[in-house]
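The structure appears right after this line, and notes come after that.
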Number of protein chains: 2
Amino acid sequence: MSSTADKILDVAQSLIVAGGYNAFSYADISDAIGIRKASIHHHFPTKAELVAVLVDRYRQQAELGLKALQEQFASPADQLQSYLNFWQTCIRDASLPFCVCAMLAGEMPMLPAEVASRVQAYFHMLARWLAAVLQAGAEQRLFRLDERPEDEAQMLMASVHGAMLSARAFNDPDLFVTIVNAQIAKLLVEDR
Amino acid sequence: MSSTADKILDVAQSLIVAGGYNAFSYADISDAIGIRKASIHHHFPTKAELVAVLVDRYRQQAELGLKALQEQFASPADQLQSYLNFWQTCIRDASLPFCVCAMLAGEMPMLPAEVASRVQAYFHMLARWLAAVLQAGAEQRLFRLDERPEDEAQMLMASVHGAMLSARAFNDPDLFVTIVNAQIAKLLVEDR
DNA sequence: TATGATCGACCTACTAGTAGGAAGGCACAG
DNA sequence: CTGTGCCTTCCTACTAGTAGGTCGATCATA
């Protein structure tokens, strides 16, 4: 039993994931959930505001999910792997075949300011989380880091987002798995 | 002295790089080069056709540039580094701050078929080139590959495109350099 | 005199956003 | 218990502007 506002955000999110900020309209949402355009404007006066709220929600959900991962798994290696498993599952079953913020990051130069700043906030949050996990893993001798944890985190994040792009370009969900698994293999100490 | 058609493609390319397929219109091009909308339709009847030609041109230019790199530098390590230097320069001076096809790859599900297939062709071409360079480098003991050359090529390509995304998200061109340099460092044998 | 390039004028469909009102729920005064 | 007023939600109907695209005329040049 989700509210109308939530339904609007859900549909908008799947449309953004499919084609970005400029690839959806209020009419699209209207058609998808059987509500008039004007009603959407009642909940979200402008498109920029709608997407800003959407990205905020997305970041909060991600933050909660990542924190839950840290509590569920003791080992940083398992925490990292289950983060990647999440995306592998999403991409394979096409439920959320792309990161909303990765999508929007490409459009940064043309995004409304209130959206762009929130996309940046997501990237900061994810980079922080990855760096913390990598650092903890390095201290436990689970990972061998060639660079500072923050830089290794940036590399990993770039790999994940780049792999999403490649999976789309080649229309091959398994390619995402291949790329990110090979990437973490380079971090694990038992290798080499 | 470039033809009108070339000027149209140049402007369209910079607009796509800024915001993707849906973020530019014939009117934008019209304003930018001082020609009427109808005249653009004379050269490129439809938007899909315009972008298809644009991506073809982009791939051909890239193919030529990469081949030139292989002739200019004997060492695969230098070939690879100068490919990355190209993007580092582009991103730092903001001349071509994003790969056209990486941009379009994100929009694949909503792209006209004739555009999508050409984006895929670019990805295939680049993956082939990178795999060849990596394999040659491995045979000369310049690189140590943990995976098959094709898979290492995919990882590298994902890193490059993901790093572009991150540089945009953080509004920090240097981040691109940090990520891709750290990534090739993992390939070079003198490390570790 | 044919050809390619450009143009103004136009078209239909769609864009984000607005105005104003109808229906329902809820609180409170009588 | 009823009436009144308010608030939220959703609606129809509308706006100005933009989207991609068409048509026929004009103009230069070969």
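So you know, we letter chains A, B, ... as the sequences are listed, proteins then strands, and number each from 1.
Taking atom OH of residue B/Tyr26 and atom C1' of nucleotide C/dT6, one finds them 15 Å apart after rounding to whole Å. The NZ atom of B/Lys47 sits 15 Å away from the P atom of D/dT22 (whole-angstrom rounding). The distance from atom CG of A/Asn22 to atom P of C/dC14 is 18 Å, rounded to the nearest whole Å. Across the protein-nucleic acid pair, A/Phe44 atom CZ and C/dT15 atom C1' stand 19 Å apart, rounded to whole Å. The CG-P distance, from B/Asp6 to C/dA5, rounds to 12 Å in whole Å.
Contact annotation: B/Arg36 side-chain N/O to C/dT6 OP1/OP2 distance is not under 4.0 Å. Between C/dC7 and B/Ser39, a contact under 4.0 Å exists linking OP1 or OP2 to a side-chain N or O. Contact annotation: A/His42 does not reach the phosphate of D/dC10 (side-chain N/O to OP1 or OP2, under 4.0 Å). At the phosphate of C/dT6, OP1 or OP2 sits under 4.0 Å from a side-chain N or O atom of B/Thr4. Of the side-chain N and O atoms in B/Ser25, one or more sit less than 4.0 angstrom from OP1 or OP2 of D/dA19. Contact check, B/His41 against C/dC7: no side-chain N or O comes under 4.0 Å of OP1 or OP2.
Under 3.5 Å, the side chain of A/Lys37 and the base of C/dA16 form at least one donor-acceptor pair of N or O atoms.
Of the charged side-chain nitrogens involved, at least one lies within less than 4.0 Å of a carboxylate oxygen, so that B/Lys186 and A/Glu152 count as a salt-bridged pair. Salt bridge present: B/Asp10 and B/Arg57 bring a charged side-chain N and a carboxylate O closer than 4.0 Å.
Between the side chains of B/Gln88 and B/Asn181, a donor-acceptor pair is found at a separation under 3.5 Å.
Distance alone, capped at 3.5 Å, places no donor-acceptor pair between the B/Asn171 side chain and the B/Arg168 backbone.
A/Ala38 comes within contact range of at least one nucleobase, with a heavy-atom separation under 4.0 Å.
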